[in-house]
**Student:** 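Have a look at this one.
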Amino acid sequence: MRDTAEIAVEKLTRKQADAELARLAAEIARHDRLYYQKDAPAISDAAYDALRRRNEAIEQRFPDLVRLDSPTRRVGAAPAQGFAKVTHLRPMLSLGNAFSAEDVRDFVAGVRRYLKLSADHAIELAAEPKIDGLSANLRYENGVFVQGATRGDGAVGEDITANLRTVADVPERLKGKDVPDLIEVRGEVYFARKDFARLNQEREKAGEPLFANPRNAAAGSTRQLDPAITARRPLRFFAYAWGEASALPADTHWHMVERFAAWGFKTNPLAKLCRDEDQALALHQKLQEQRAELDYDIDGVVYKVNRLDWQERLGFVSRAPRWAIAHKFPAEQAVTVLERIAIQVGRTGALTPVAELKPVTVGGVVVARATLHNEDEIQRKDIREGDHVVVQRAGDVIPQVVRVLEEKRLPKAKPYQFPDKCPVCGSRAVREDGEAVRRCTGGLTCPAQAVERLKHFVQRNAIDIDGLGGESIQELFDLGYLRSPADIYRLGRHRDRIVVDRKAKTGIEGWGDLRFGNLERAIEARRSVPLPRFIFALGIPQVGEATAKLLARNYGTLAAWRQAMQRAAKQDEEALAELDNIEGIGPSVAQDIVDFFAEPHNTRALDDLQREVTVEDFAAPSTAGSPVAGKTVVFTGTLETLGRNEAKARAEALGAKVASSVSKKTDYVIVGADAGSKATKARELGVTTLTEQEWLKLVGESG
Ligand code: IVH
């Protein structure tokens, strides 16, 4: 067999895809270890990114082959730098799966056999909804929350204490008298559906990539380096298990969970203590019917042998307990007719195919549209207009078209031809090599893109122009008064044609003197804008508020940033390296920024805009007299006093730029314990290295 690594994603057979996903999971995990633990990357960022992209593409083609240890499941983004490792005192296990009532009966029979109980001996089971979130271990010493960790690989997780402290359902102190001196409470960190929907709406507005499902949102939110970001995400927590404990206050699982509730934890109200497996199966049936109406996604029911002495005797096989099993729900599917394939054009010009379906109920929810991802997906599944298709709502909120029922296809159905013209403006729509999406080349002349970009430009977190909502923008655009952001500032010139004059019979219905006057004032108030808002307002793909701020901090002024980006767009090595080197800006984001500047119509729009607005230089807060203001610093190794995140945050507060790798431009490298290649590189380049103590002294924070 050919080496699977060499086969194009579209050509992989199922079997090859499975093998390739296994290879990629191991390979990416190895590079993560080299990079994050050993500080010694073996491949370039670009090569690493290519591995992740390949993994994602294969998973998109074969969603049912996604591995439990998949790199996309692990984080949702590249593993963040800087969380300390936590070795679990007791490993955090996973669960075996049951897919049918028969599997469940086999499980219970196995328990009986193992415990040498007679065949009619009932086994009491605690049954709990299985939420697809992220498990966490919360350590309490003398009733006080001291450490929170992710599951990680089960043996070693990450210290996310600061983030978990922001979760309202995680008590800081346990209530009650029977709290053991030491207890690790385990449970699920998750997103409620409505909170998830709101988060994605906000991200869409901000031009940030959307989370595919609540689980990814929970994972992404708990692994934020800045706990302030986690604090703004309404994460929730249900307690359902425990790890190390100095004493156990109960002898059944059910009573343990009751103690958790008494101590102040949220526990799942739908859990039920079942006399035997028949009751447990009845609960499974009931929850399967209710699942669509629940506030959160569940993907099954977990059954646990209730008696702890039995749990103890049963023990574990490989990484799962013999005393518990997850009874999964079948994926929610339905058959319907795909009436039409519609093409949406987004702010960045991406043409996205959407299936318009004859409305059908899938798991209690009416579905009328489903994502088709992209051109290749339609071709691979050979989806045609008029086909009968299987639609699925998995954990993901956006329904998907799983496959076509070919036997029901009408003879006249023709293979779908993806448009090579933008359906909105008629410009050519092209696909770059290696890209999955086709994009409209119309840029700001394309109404779809222009209107979306204008909406983005004026929104509250960007330039923030009051009184210019989506409908007004669409109206003024349709009438030709608005084309690009700079036009907003020139609206005043069209006053006579916009404001209603009853006598002269001119103007646009609804635009009175007062409304226009208010709008003009709101616009004038925004002739001067802070650099981070300005950068964000440009709507560069993947450049959300946080990235805009990083750019503003690093370059300081619009002129400096533009100059650097224009050089980067011409492939100037130094400018590219500086951009790549900003901590928090990954290669794919950097590429999008460079691409933006490589487009002449973007630079023209920017020139035009600069004639209308003044962009305020980025003022780092109160760094006057800071010894490190404007200096570029790199932290490496384990920092003992502060921890990496805190050190980084403080350095930035003092006006320093924190970079991710060492170059000639680095001023200081702060070398912690077990530092690797970055420290060596600093010495090679003659960059000043400081110990953690020396750094603290420099910034005036040492004793
Ligand atoms: S018990 C030793 N109970 O499912 C038992 N897990 O597939 C360890 N999960 O990692 C887990 N709800 O993230 C347990 N009521 C529940 C659960 C639950 C969700 C998740 C958890 C775990 C995964 C195992």
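Because the structure is predicted, anything quoted here is derived from the model rather than measured. Along the sequence shown, residues are numbered consecutively beginning with 1. Each ligand, and each atom within it, is numbered from 1 in the order the structure gives.
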**Student:** Which heavy atom of Leu248 sits nearest to which heavy atom of Met256, and what is that distance?
**Tutor:** CD2-CE, 3.7 Å

**Student:** Could you check whether Arg203 makes a cation-pi contact with Phe211, meaning its NZ or CZ is under 6.0 Å from the centre of the six-membered ring and within 45° of the ring axis?
**Tutor:** yes

**Student:** Just to confirm my output: which protein heavy-atom neighbour is closest to atom 2 (C) of ligand 1, and how far is it?
**Tutor:**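 Closest protein heavy atom to atom 2 (C) of ligand 1: Pro321 CG, 3.5 Å.
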
**Student:** Would you say Pro129 contacts ligand 1, with heavy atoms under 4.0 Å as the rule?
**Tutor:**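 Contact check Pro129 vs ligand 1: positive.
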
**Student:** Using a 3.5 Å distance criterion without hydrogens, assess whether the side chain of Lys381 forms a donor-acceptor pair with backbone atoms of Leu372.
**Tutor:**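 Side chain of Lys381 to backbone of Leu372: no pair is present.
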
**Student:** Under 4.0 Å between a Lys/Arg side-chain N and an Asp/Glu carboxylate O for Glu377 and Arg380?
**Tutor:**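 So Glu377 pairs with Arg380 through a salt bridge.
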
**Student:** Please classify the Ala241 to ligand 1 contact at 4.0 Å (heavy-atom distances, strictly less than): side chain, backbone, both or neither.
**Tutor:** neither

**Student:** Can you name the nearest heavy-atom pair linking Ser221 to Leu235, along with the distance?
**Tutor:**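 Result for this residue pair: CB-CD1, 4.0 Å.
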
**Student:** Decide, yes or no, whether a salt bridge links Asp297 with Arg215 under the criterion of side-chain N to carboxylate O below 4.0 Å.
**Tutor:**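 Result for this pair is no, no salt bridge flagged.
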
**Student:** Quick check: does Trp323 get an N/O under 3.5 Å from an N/O on ligand 1?
**Tutor:**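 In fact, backbone or side chain, Trp323 has no N or O that close.
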
**Student:** Considering heavy atoms of the protein only, find what lies nearest to atom 13 (O) of ligand 1 and give residue, atom and distance to 0.1 Å.
**Tutor:** Glu188 OE1, 2.8 Å

**Student:** How far is atom 15 (N) of ligand 1 from the closest protein heavy atom, and which atom is that?
**Tutor:**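 Sorting protein heavy atoms by distance from atom 15 (N) of ligand 1 puts Glu128 OE1, 2.7 Å first.
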
**Student:** Could you tell me which non-hydrogen atom of Leu12 sits nearest to which non-hydrogen atom of Arg61, and how far apart they are?
**Tutor:** O-NH1, 3.3 Å

**Student:** If the contact criterion is a heavy-atom separation under 4.0 Å, does Ala326 count as touching ligand 1?
**Tutor:**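 Contact check Ala326 vs ligand 1: negative.
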
**Student:** Which residue supplies the protein heavy atom nearest to atom 10 (O) of ligand 1, what is that atom called, and how far is it?
**Tutor:** Ser135 OG, 3.6 Å

**Student:** To which protein heavy atom is atom 14 (C) of ligand 1 closest, and what is the distance rounded to 0.1 Å?
**Tutor:** Tyr240 CE1, 3.1 Å

**Student:** Among Leu134, Asn268, Ile131, Leu93, whose heavy atom sits nearest atom 12 (N) of ligand 1?
**Tutor:** Ile131

**Student:** Which protein heavy atom lies closest to atom 5 (C) of ligand 1, and at what distance to 0.1 Å?
**Tutor:**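 Answer for atom 5 (C) of ligand 1: Leu95 CD2, 3.7 Å.
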
**Student:** Which option out of Lys304, Arg186, Lys130 puts a heavy atom nearest to atom 3 (N) of ligand 1?
**Tutor:** Lys304

**Student:** Could you tell me which non-hydrogen atom of Ala122 sits nearest to which non-hydrogen atom of Asp276, and how far apart they are?
**Tutor:**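 Reported closest heavy-atom pair: CB-CB, 4.4 Å.
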
